[in-house]
Each structure stands twice: as structure tokens, then as C-alpha cells.
**Student:** 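Have a look at the structure that comes next, please.
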Amino acid sequence: LESVCIPNTVELIDGWAFSNCYSLRNLSFQMGSTTKMIVGKYAFQAISTRDLVLPASMMVVADCAFIRTSLQNLSFEEGSKLYSLGDQVFQASALENVVLPDGLTIIGNGNFYGCTNLVSVTFGEGLSTMGIETFKDSNVQYVHLSASLQTLATDTFSGCSNLVEVTFAPFSQMTVI
């Protein structure tokens with residue numbers, strides 16, 4: 001399997017749906033849906049797609065959905081309704097630069113753990129909860145935190161030897177580091 005375009009009528013991509021489809025180099029989503037979409041656990045584990053735009057209709061991405069992928073560039077359709085990323089969603093992937101959308105409120109544990117190509121991550125407004133080990137053992141250099149984030153959990157930057165700068169948004173509500 002080398003190419004898949006997910007129709008905008010899909011509401012659920014079940015767990016392990018395309019897991020270990022190593023030859024899947026061209027994953028795309030049809031945009032413009034009004035249907036709410038959920039991506040299940042390990043749905044796209046270890047795929048070879050490098051560039052991906054997630055549709056605005058995607059609301060929840062479950063644990064390990066994109067773990068160990070070749071994904072380098074991730075973006076979101078305008079008007080993203082994404083509000084939750086489970087645990088280890090992008091762990092050990094090839095991501096380089098990520099800008100997460102406004103409205104994302106929950107990020108589980110270890111989402112960028114072991115992402116050795118990671119350069120920068122920007123969090124949109126609305127984020128209130130970020131799990132433990134978010135960037136552990138990654139090569140992230142720049143992190144831009146949203147004003148709404150209140151707590152950095154245990155081991156957030158543990159093992160991040162290339163970290164250059166963490167920026168707190170103006171009017172930050174951060175209380176625990």
C-alpha cells in the first residue's frame with residue numbers, strides 16, 4: 001500500500017488501521033468535512049509519509065497514532081477542531097517543525113519523546129494540560145508555550161541537550177515548572 005486519501009465522510013479511523021504499512025508514502029485527508037473525526041491508537045504507526053495536513057474535522061488523536069513515522073512536516077487545516085492528543089502520538093517520529101492549533105487543550109505523555117530531528121514546536125492558545133516527558137530525549141531547540149498553559153509536567157525537557165530557548169507567551173498563566 002503506497003497511497004491513501006481518507007474521504008471527508010470518515011468519522012473513525014480505528015486502531016491499527018494502517019499500522020506498519022511501511023510503504024505508505026502518500027497519506028492525505030480530503031478537506032472540508034463537517035463530520036467529527038477520531039483517530040484510533042496506532043492507526044498510522046511507522047508509515048513513510050513525510051508531509052501531512054490534518055483536517056479541521058479531526059478532534060481526537062489517540063495514543064501512538066503516528067508513533068515512529070517518517071513524518072517531517074505536519075500542519076493543520078484552517079479552523080482545526082483538534083482538542084486532544086493522546087500519549088506518545090508522535091514519539092520517535094521524524095518531525096522537524098510543528099505549530100499546534102489553537103483550541104488544543106490536552107496533550108498526553110511523551111508526544112515528542114525521542115524525536116531526534118525536532119527543531120521547534122509552537123503551542124496554540126487554549127492548551128491547559130501537557131503530560132510528562134513531552135520532549136524527553138528529543139533534539140528540540142525552540143519551544144514556544146501558550147499563555148494558557150499552567151504546568152510543565154515531570155521530565156518535560158529531560159535529555160534535551162540541544163535546547164536553546166523556551167519562550168513563554170505574554171500574560172503566561174504558568175504556575176508550576
**Student:** Near Lys41 NZ, under 6.0 Å, is it more than 12 heavy atoms from other residues, nucleotides or ligands?
**Tutor:** no
**Student:** Does Lys81 have any salt bridge (Lys or Arg N to Asp or Glu O under 4.0 Å) partners at least two apart in sequence or in another chain, and if so, which?
**Tutor:** none
**Student:** Considering only heavy atoms from C-beta outward, does the side chain of Gln30 approach that of Val10 to under 4.5 Å?
**Tutor:** no
**Student:** Would you please test Ile6 and Phe18 for side chain to side chain contact (heavy atoms under 4.5 Å, CB included) and show each step?
**Tutor:** CA-CA 11 Å; Ile6 307 292; Phe18 297 95; 4.1 Å; yes
**Student:** Passes side chain to side chain contact (heavy atoms under 4.5 Å, CB included), Leu52 versus Leu27? Steps please.
**Tutor:** CA-CA 7 Å; Leu52 186 60; Leu27 171 66; 4.0 Å; yes
**Student:** Would you call the rings of Phe44 and Phe29 parallel, tilted or perpendicular, taking 30° and 60° as the class edges?
**Tutor:** perpendicular
**Student:** A side-chain contact here means heavy atoms from C-beta on lying under 4.5 Å apart; do Leu54 and Glu77 qualify?
**Tutor:** no
**Student:** If we only count heavy atoms from C-beta on, is the Ser148 to Ser128 side-chain gap below 4.5 Å?
**Tutor:** no
**Student:** How long is the span from the OH atom in Tyr113 to the SG atom in Cys160, to the nearest 0.5 Å?
**Tutor:** 10.5 Å
**Student:** Just verifying a value: how many Å separate Leu149 CG and Thr151 OG1, rounded to the nearest 0.5 Å?
**Tutor:** 7.0 Å
**Student:** Spell out, yes or no, whether Met130 and Ile177 are grouped together once hydrophobic residues are joined by side-chain heavy atoms under 4.5 Å, including indirect joins.
**Tutor:** yes
**Student:** Could you please spell out the steps behind the side-chain hydrogen bond (donor to acceptor under 3.5 Å, both in side chains) verdict for Gln45 and Arg68?
**Tutor:** CA-CA 6 Å; Gln45 172 186 239; Arg68 292 190 305 278; 2.7 Å; yes
**Student:** Any idea which heavy atoms bring Asn26 and Thr49 closest together, and the distance?
**Tutor:** N-OG1, 3.6 Å
**Student:** Rounded to the nearest 0.5 Å, what separation is found between the CG atom of Leu82 and the CG atom of Leu100?
**Tutor:** 8.0 Å
**Student:** Between Leu118 and Val89, is there a shared hydrophobic cluster once you connect ILVMFWY residues whose side-chain heavy atoms come closer than 4.5 Å?
**Tutor:** yes
**Student:** Aromatic rings Trp16 and Tyr42: how do their planes relate, parallel, tilted or perpendicular, breaks at 30° and 60°?
**Tutor:** parallel
**Student:** Look only at the side chain of Glu125 and the backbone of Gly103, and say whether a donor-acceptor pair between them is shorter than 3.5 Å.
**Tutor:** no
**Student:** About how many Å separate CG of Asn109 and OG1 of Thr154, when rounded to the nearest 0.5 Å?
**Tutor:** 9.5 Å
**Student:** Which pair of heavy atoms, one from Thr105 and one from Gly126, lies closest together, and at what distance?
**Tutor:** CG2-O, 3.5 Å
**Student:** Any idea which heavy atoms bring Met31 and Val53 closest together, and the distance?
**Tutor:** CE-O, 3.3 Å
**Student:** Heavy atoms only: give me the nearest Thr9-Thr35 pair and the separation to one decimal.
**Tutor:** O-CG2, 4.1 Å
**Student:** Please find the pair of heavy atoms, one from Thr69 and one from Ala46, that lie closest to each other, and give the distance.
**Tutor:** CG2-N, 3.8 Å
**Student:** Could you go through Ile47 and Tyr22, starting from their C-alpha distance and side-chain angles, then the distance that decides it, and tell me whether this counts as side chain to side chain contact (heavy atoms under 4.5 Å, CB included)?
**Tutor:** CA-CA 5 Å; Ile47 64 169; Tyr22 305 111; over 6 Å; no
**Student:** Is the closest side-chain heavy-atom distance between Asp87 and Asn111 below 4.5 Å?
**Tutor:** no
**Student:** Write down the atom of Ser146, the atom of Gly124, and the distance for their closest heavy-atom approach.
**Tutor:** CB-O, 3.1 Å
**Student:** Given side chains that start at C-beta, do those of Ile132 and Thr156 come closer than 4.5 Å, heavy atoms only?
**Tutor:** no
**Student:** Step by step, work out the side-chain hydrogen bond (donor to acceptor under 3.5 Å, both in side chains) result for Ser120 and Asn97.
**Tutor:** CA-CA 5 Å; Ser120 72; Asn97 298 292; 2.9 Å; yes
**Student:** Taking the side chain from Ser158 and the backbone from Asp155, do they hold a donor-acceptor pair closer than 3.5 Å?
**Tutor:** no
**Student:** Do Leu71 and Val4 sit in one hydrophobic cluster, given that two such residues count as connected whenever their side-chain heavy atoms are within less than 4.5 Å of each other, even indirectly?
**Tutor:** yes
**Student:** Could you walk me through whether Thr167 and Tyr142 pass the side chain to side chain contact (heavy atoms under 4.5 Å, CB included) check?
**Tutor:** CA-CA 8 Å; Thr167 305; Tyr142 303 94; over 6 Å; no
**Student:** Mind checking whether Leu104 and Phe123 have side chains closer than 4.5 Å, heavy atoms only?
**Tutor:** no
**Student:** For the CD atom of Gln72 and the SG atom of Cys115, what is their distance to the nearest 0.5 Å?
**Tutor:** 12.0 Å
**Student:** Does a side-chain heavy-atom distance below 4.5 Å link Val143 with Phe157?
**Tutor:** yes
**Student:** Tell me, do Leu152 and Met174 make a side-chain contact under 4.5 Å, heavy atoms counted?
**Tutor:** yes
**Student:** Are Phe66 and Leu1 connected in a single hydrophobic cluster, I mean Ile/Leu/Val/Met/Phe/Trp/Tyr linked by side-chain heavy atoms less than 4.5 Å apart?
**Tutor:** yes
**Student:** Any sub-3.5 Å donor-acceptor pair from Ser138's side-chain atoms to Phe135's backbone N or O?
**Tutor:** yes
**Student:** Same cluster or not: Met58 versus Leu95, using hydrophobic residues (I, L, V, M, F, W, Y) connected whenever any side-chain heavy atoms lie under 4.5 Å apart?
**Tutor:** yes
**Student:** Using 0.5 Å steps for rounding, measure from the OG1 atom of Thr134 to the CZ atom of Phe112.
**Tutor:** 8.0 Å
**Student:** Within a radius of less than 6.0 Å around CD of Glu165, do more than 12 heavy atoms belonging to other residues, nucleotides or ligands occur?
**Tutor:** yes
